[in-house]
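Order of the sequence lines sets the chain letters (A, B, ...), proteins ahead of strands, with each chain counted from 1.
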There are 2 protein chains.
Amino acid sequence: MESKQGRREKKNERASKLRRLGLRATPQRLAILAFLEGNRNHPSAEEIYQALKPRFPSLSLATVYSTLEILERAGEIQILTIDPERRRFDPDPTPHAHFYCRLCGRVFDLPPGEPVLEELPEEIEGFRVEKILLCVYGVCPGCRGRHKEGT
Amino acid sequence: MESKQGRREKKNERASKLRRLGLRATPQRLAILAFLEGNRNHPSAEEIYQALKPRFPSLSLATVYSTLEILERAGEIQILTIDPERRRFDPDPTPHAHFYCRLCGRVFDLPPGEPVLEELPEEIEGFRVEKILLCVYGVCPGCRGRHKEGT
DNA sequence: CTTTATGCAAATGCTTTGCACTTTT
DNA sequence: AAAAGTGCAAAGCATTTGCATAAAG
């Protein structure tokens, strides 16, 4: 289990990170950062909100949205448009491919280099490139096992 | 200008295409197909609806959505999730990269092979692949000219 | 004549907004 | 204090749904 001290240290790291970005280190933001850290589930805003509500009863969905947008602009997270129903959030801001399972709706990170996502060029034919998303759709291994249509 | 006969021929082609797919060739569907054909603007459902309304006053937005979904399932068009605000539709179903300009909101086709979108593998690490979208975000050449921030 | 598609209006659900209030710094 | 962030409720919109009517094959 994690030590009380370890937790305090991480909290301080998150706070400094926020201040470094010119943002105020509010409990809400620290909680969102902590929840996202190492989270590979690509949660939606609602999921983040629901997960944090028990510990932060005053938290509002609007704050979640606003924080996530700010974090994206600061380059700390990615906002994914892969899910047609809702925005999904990825704490890993480095470019990598994502997979959306049309059966369970889960979003997965794909191993780097699998569909090759070469480093983003500064520019493509006059278009200034700022971000690239590679979205793969289909059926995930788990769902392929449960429903046995095709391979 | 296009001959009356040429138009009739294309209409027949569209009708046969629909029937081949097991769909009924209704005026609404023919109109949507005709509007999409060769359209490089990646219109939204609303845009398609507005464009067709003058000639088909009875057309409804629900029909536009339903037709587009059917056409995607039939593999005739692509539904893009590149625009965070709304669904965009591409009459070209072959895999190619798209560019979304955050200033004007337009969606462009990128030349094939620019960000290389290799043919989609049947499967990646156990994930069954059915579709790949490569979405590039940034500023388009037109907007780079108008606002002269950065390069 | 059967089946499929359409149109309407209402409903749904995600995301944003305005604003008064609270917290950081 | 000043500036920035939060929470709430309402508003905004894109998309879907249910169902009665209409058109296609």
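- If B/I70 and A/L61 are placed on DNA chain C by their nearest nucleotide, the residue sitting closer to the 5' end is B/I70.
- Atom CD in A/Q50 sits about 14 Å away from atom C1' in C/dC14, given to the nearest Å.
- For the pair A/Y65 OH and C/dG13 P, the computed distance is 13 Å after rounding to whole Å.
- Residue A/R106 qualifies as open at atom CZ: its count of foreign heavy atoms under 6.0 Å is 12 or below.
- The 12-atom threshold is exceeded at CZ of B/R40, counting heavy atoms of other residues, nucleotides or ligands nearer than 6.0 Å.
- No donor-acceptor contact under 3.5 Å links the side chain of B/R87 to the base of D/dT15.
- For the ring pair (Phe, Tyr, Trp, His ring centres under 6.0 Å) test, residues two or more places apart in sequence or in another chain that qualify with A/F108 are B/F127.
- The NZ atom of B/K53 sits 15 Å away from the C1' atom of C/dT6 (whole-angstrom rounding).
- Between B/F89 atom CZ and D/dA14 atom P the separation is 12 Å, expressed in whole Å.
- Residues B/S60 and B/T63 have side chains that bring a donor and an acceptor to within less than 3.5 angstrom of each other.
- To the nearest angstrom, C1' of D/dC13 lies 9 Å from CZ of B/R86.
- The 5' end of DNA chain D is approached more closely, in terms of each residue's nearest nucleotide, by A/P57 than by the other of A/P57 and B/E85.
- Checked against D/dG25, C/dG7, D/dT6, the side chain of A/S66 finds its nearest nucleotide in D/dT6.
- Rounded to a whole Å, the CZ atom of B/R88 is 13 Å from the C1' atom of D/dA14.
- Nucleotides of DNA chain D nearest to A/Y49 and A/G22 differ in position, and the one nearer the 5' end is that of A/G22.
- You'll find a donor-acceptor pair under 3.5 Å spanning the side chain of A/R24 and the base of D/dA3, going by distance alone.
- Distance CG (B/L30) to P (D/dA23): 15 Å, rounded to an integer number of Å.
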Exercise for review: Might you work through the side-chain contact (heavy atoms from CB on, under 4.5 Å) test for B/L134 and B/H98, ending with a clear yes or no?
Suggested key: CA-CA 6 Å; B/L134 181 43; B/H98 292 96; over 6 Å; no
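- Listed pair B/Q28 / D/dA23 fails the phosphate criterion, with no side-chain N or O lying under 4.0 Å from OP1 or OP2.
- Considering only the side chain of A/A25, C/dT25 comes nearest among C/dT25, C/dT15, D/dG7.
- Both B/R29 and B/A62 sit near DNA chain C, but only B/R29 has its closest nucleotide nearer the 5' end.
- With D/dT6, D/dG25, C/dG7 as the choices, the nucleotide that has an atom nearest any side-chain atom of A/T63 turns out to be D/dT6.
- For A/T26, whose side chain is taken as the heavy atoms from C-beta onward, the closest listed nucleotide among D/dG7, C/dG7, D/dT6 is D/dT6.
- In this model, the phosphate group of D/dT6 is not approached by any side-chain N or O of A/S60 to a distance below 4.0 Å at OP1 or OP2.
- To the nearest angstrom, C1' of C/dG7 lies 15 Å from CG of B/L52.
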